[in-house]
Undergrad: 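Mind looking over this structure? Questions follow.
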Amino acid sequence: MKKKPSLSFTRRAVVQALMATIATPLAAGAPLVSERPPKGRGLLRPPGPEALVKKARLSGDVAFAVADAKTGEILEARTPELGIAPASVTKAITALYALDTLGAAHRFKTRVIATGGVTDGVVRGDLVLVGGSDPTTDTRAFAALAAQLKEAGIREVKGDFRVYEGPVATVRSIDPEQPDHVGYSPAVAGIALNFNRVHFEWKRAGGKYTVTMDARAGRYRPEVDIARMKVVQRRAPIYTYEEANGRDNWTVASGALGSGGSRWLPVRRPGLYAGEVFATLARSHGIVLPAAKMQKAAPEGTVLAEIESKPLSDVLRAMLKYSNNLTAEMIGMAATQARTGQARSLAASAREMNAWAKDVLNMQSPAFVDHSGLGGDSRVSAQDMVRGLGAIGHAALLRPLLKPVKLLDSQGRLVNEHPVQADAKTGTLNFVSGLGGYVTTPEGRELVFAIFVADEGIRAGITRAQRERPPGGRSYATRARRLQRQLIMRWGAVYDSAA
């Protein structure tokens, strides 16, 4: 049980704060499950769930369920069995999947292996950069790996320099339906560098643009050739992309650039990207490597250098905080590889997670298509998500990794401290908003909940080019988040007593 904040808030204050966030008087709607009124004379009744939903003015479907964390009893629900795209709330199930399969202390390792032995600092065979499903490696980590080669006395490589992306499948984009240029849908493999993104920067001087494509991290800014950018005289489309001659070839519209700026673009060849950057860093230590070649089989030989990630629990905490899609996909596929010995695609790995969720979390019909929630074809019901999040033993593993949810004071302002405590994972796609997690009421009762809002009709009409910022998407998400906070505050007041 979480420690209650030392505040002067009361259950009356919770209800009054909730009432104050409603702009006009509302008649309480009837929940699907009969509610227990708050204790205490004269305590205002919170708005009913249907009144809150009506006031939110959200088109499409609104589904939710809240349950007692100890008994699993559903306390209140609305269309709880309707399957809706869970968006990034999926990552909460992925986190449990990885924790159960790999363990909280698991560390991912990236290695450099010599296949033919080493004599007087000379690698007689090939030198292989080996991915170990670590999603957190950046250019600084690769610099440390290259420095270890120098410390090992390596001076020369007689054979090839190769890259083994790891035992899991390589996928060119998490969701191919996303625009080519969005950094949140890069390639997925068993190796990653800077979340498989390349930094594009442009400056205009004298009427001309200069551009750089680099793998920057900290003080390191190695330029790359695997991804190229050309400025073209046009206004639209802003970006075009094609794979050609072993490179990611981009063009950008000059009319969209202004005087200067930068953004991260996705990488489609993670192994070659990692290999090029590692070779550049090794060269700074006097170790000249030939152009990287890809290798399909795991190498055998002598480990010359190795770096490892932080413990899985720390990696997951960052994933859930920043909702990083690549981290979710790599960790999910690593868990599937550990469970079954193969992870041939994101869809196949997600199916294995679905089977695990049914067996271990007692979910009834999860239908995830990936591990991040970026794919809009995933479906899960609010009631099923509550089952998964509330599974005995697993909630205690997950809740400490989740972000606190800021709730509202009597003026409708977000506050850091509130008598109702909530920790949850958000999920956002175009015209989809989800929230799933845990609530502690002022008197210490523990609840588990899931809220999904989606308008699939509007989503179906959004073109691929609009998916980064569709018209009306931001206001829809804002209204959905406000409704989610109001429901949590309602539950904190109505279901405060365990009696």
Side-chain angles (χ1 to χ4, degrees), residues 102 106-139 141-172 187-194 196 215 224 226 246 267-283 285-309 326 329-331 333-345 349:
L102 301 173
H106 179 82
R107 295 175 185 261
F108 302 99
K109 296 180 179 180
T110 305
R111 295 169 171 165
V112 179
I113 291 177
T115 64
V118 179
T119 304
D120 297 328
V122 178
V123 177
R124 297 300 175 183
D126 296 336
L127 189 75
V128 188
L129 176 63
V130 180
S133 295
D134 185 354
T136 67
T137 48
D138 63 8
T139 301
F142 272 31
L145 200 61
Q148 287 185 37
L149 276 189
K150 181 181 179 180
E151 292 169 4
I154 301 302
R155 298 181 293 104
E156 184 181 354
V157 177
K158 290 293 187 181
D160 291 329
F161 170 48
R162 296 179 174 273
V163 179
Y164 172 62
E165 289 182 324
V168 301
T170 298
V171 181
R172 292 299 188 193
V188 183
I191 196 166
L193 176 63
N194 301 328
N196 287 341
V224 300
I226 189 71
V267 167
R268 303 297 179 209
R269 292 172 169 80
L272 291 178
Y273 175 54
E276 181 183 359
V277 173
F278 182 76
T280 298
L281 297 167
R283 193 178 305 117
H285 294 294
I287 307 168
V288 178
L289 301 177
K293 297 179 180 180
M294 298 305 298
Q295 178 165 315
K296 293 184 178 180
E300 295 183 359
T302 304
V303 177
L304 301 179
E306 178 181 281
I307 54 175
E308 62 180 24
S309 71
L326 179 67
E329 302 299 356
M330 290 184 68
I331 287 176
M333 292 231 286
T336 296
Q337 175 69 27
R339 286 177 60 83
T340 69
Q342 60 183 13
R344 295 180 176 176
S345 68
S349 185

Undergrad: Taking Q295 for its side chain and V128 for its backbone only, find out whether a donor-acceptor pair lies under 3.5 Å.
TA: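 Side chain of Q295 to backbone of V128, a donor-acceptor pair under 3.5 Å: no, none is there.
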Undergrad: Could you check L127 against L149 for side chain to side chain contact (heavy atoms under 4.5 Å, CB included), going step by step and ending with a plain yes or no?
TA: CA-CA 11 Å; L127 189 75; L149 276 189; 4.0 Å; yes
Undergrad: Which atom pairs, donor and acceptor, lie under 3.5 Å between side-chain atoms of residues 162-169 and protein residues at least two apart or in another chain?
TA:
{"unit_1": "R162", "atom_1": "NE", "unit_2": "D126", "atom_2": "OD2", "d": "3.3"}
{"unit_1": "R162", "atom_1": "NH2", "unit_2": "D160", "atom_2": "OD2", "d": "3.1"}
{"unit_1": "E165", "atom_1": "OE1", "unit_2": "T170", "atom_2": "OG1", "d": "2.6"}
{"unit_1": "E165", "atom_1": "OE2", "unit_2": "G271", "atom_2": "N", "d": "2.8"}

Undergrad: Please enumerate all residues that pass ring-ring contact (aromatic ring centres under 6.0 Å, His included) together with F108, with sequence neighbours excluded.
TA: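 Scan of F108 (ring-ring contact (aromatic ring centres under 6.0 Å, His included), adjacent residues dropped) gives H106.
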Undergrad: Main chain of P270, side chain of N196: is a donor-acceptor contact present, judged purely on distance under 3.5 Å?
TA: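 Answer holds: no.
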Undergrad: Keeping R155 on the side-chain end and G286 on the backbone end, is there a donor-acceptor pair under 3.5 Å?
TA: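 Flag not set: sc R155 to bb G286 has no pair under 3.5 Å.
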Undergrad: About how many Å separate CZ of R339 and OG of S349, when rounded to the nearest 0.5 Å?
TA: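 The distance works out to 10.0 Å.
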Undergrad: Say you draw a straight line from CD1 of I307 to OG1 of T110; how long is it, rounded to the nearest 0.5 Å?
TA: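 Going from CD1 on I307 over to OG1 on T110, the span is 4.5 Å.
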Undergrad: For T139 and L281, what are the C-alpha separation, side-chain angles and deciding distance, and is it a side chain to side chain contact (heavy atoms under 4.5 Å, CB included)?
TA: CA-CA 9 Å; T139 301; L281 297 167; 4.1 Å; yes
Undergrad: Check the pair M294, L272 against side chain to side chain contact (heavy atoms under 4.5 Å, CB included), reporting the backbone distance first and the verdict last.
TA: CA-CA 7 Å; M294 298 305 298; L272 291 178; 3.7 Å; yes
Undergrad: Atom NZ in K109, atom CG in D134: separation rounded to 0.5 Å?
TA: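 Answer for the NZ-CG pair, K109 versus D134, is 11.5 Å.
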Undergrad: In a check of side chain to side chain contact (heavy atoms under 4.5 Å, CB included) between F142 and each of T137, N194, T280, which one passes?
TA: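 That would be T137; it is the only one of T137, N194, T280 passing the side chain to side chain contact (heavy atoms under 4.5 Å, CB included) with F142.
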Undergrad: Report yes if the side chains of I226 and V267 come closer than 4.5 Å at any heavy-atom pair, otherwise no.
TA: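 No, their side chains stay 4.5 Å or more apart.
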Undergrad: Hey, could you give me the CG/CZ distance between L129 and F161, rounded to the nearest 0.5 Å?
TA: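 The CG atom of L129 sits 5.0 Å away from the CZ atom of F161.
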Undergrad: Applying salt bridge (charged side-chain N to carboxylate O under 4.0 Å, His left out), can you list everything that pairs with R124, at least two apart in sequence or on another chain?
TA: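 Not a single residue meets the salt bridge (charged side-chain N to carboxylate O under 4.0 Å, His left out) criterion with R124.
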Undergrad: Could you check whether any side-chain N or O of R172 sits under 3.5 Å from a backbone N or O of R268, counting only pairs where one atom can act as donor and the other as acceptor?
TA: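 Answer holds: yes.
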Undergrad: For the pair R107 (side chain) and S309 (backbone), establish whether a donor and an acceptor sit closer than 3.5 Å, ignoring hydrogens and angles.
TA: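 Flag set: sc R107 to bb S309 pair under 3.5 Å.
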Undergrad: Run L304 and T302 through side chain to side chain contact (heavy atoms under 4.5 Å, CB included) and show every step you take.
TA: CA-CA 6 Å; L304 301 179; T302 304; 4.1 Å; yes
Undergrad: For the residue pair A274 and I191, what are the closest heavy atoms and their distance?
TA: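 Reported closest heavy-atom pair: CB-CD1, 4.0 Å.
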Undergrad: Can you measure from CZ (R111) to CD (E306) and round to the nearest 0.5 angstrom?
TA: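 Output value for this atom pair is 4.5 Å.
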Undergrad: Under a 3.5 Å distance rule, please check whether E156 uses its side chain to pair with a backbone N or O of V122 as donor and acceptor.
TA: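 Checked: no pair found.
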Undergrad: Rounded to the nearest 0.5 Å, what separates atom OH in Y273 from atom CG in L193?
TA: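 One finds 4.5 Å between OH of Y273 and CG of L193.
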Undergrad: Indicate the atoms forming the closest heavy-atom contact of L289 with A279, along with that distance.
TA: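 Nearest pair, atom of L289 first, then A279: CD1-CA, 4.0 Å.
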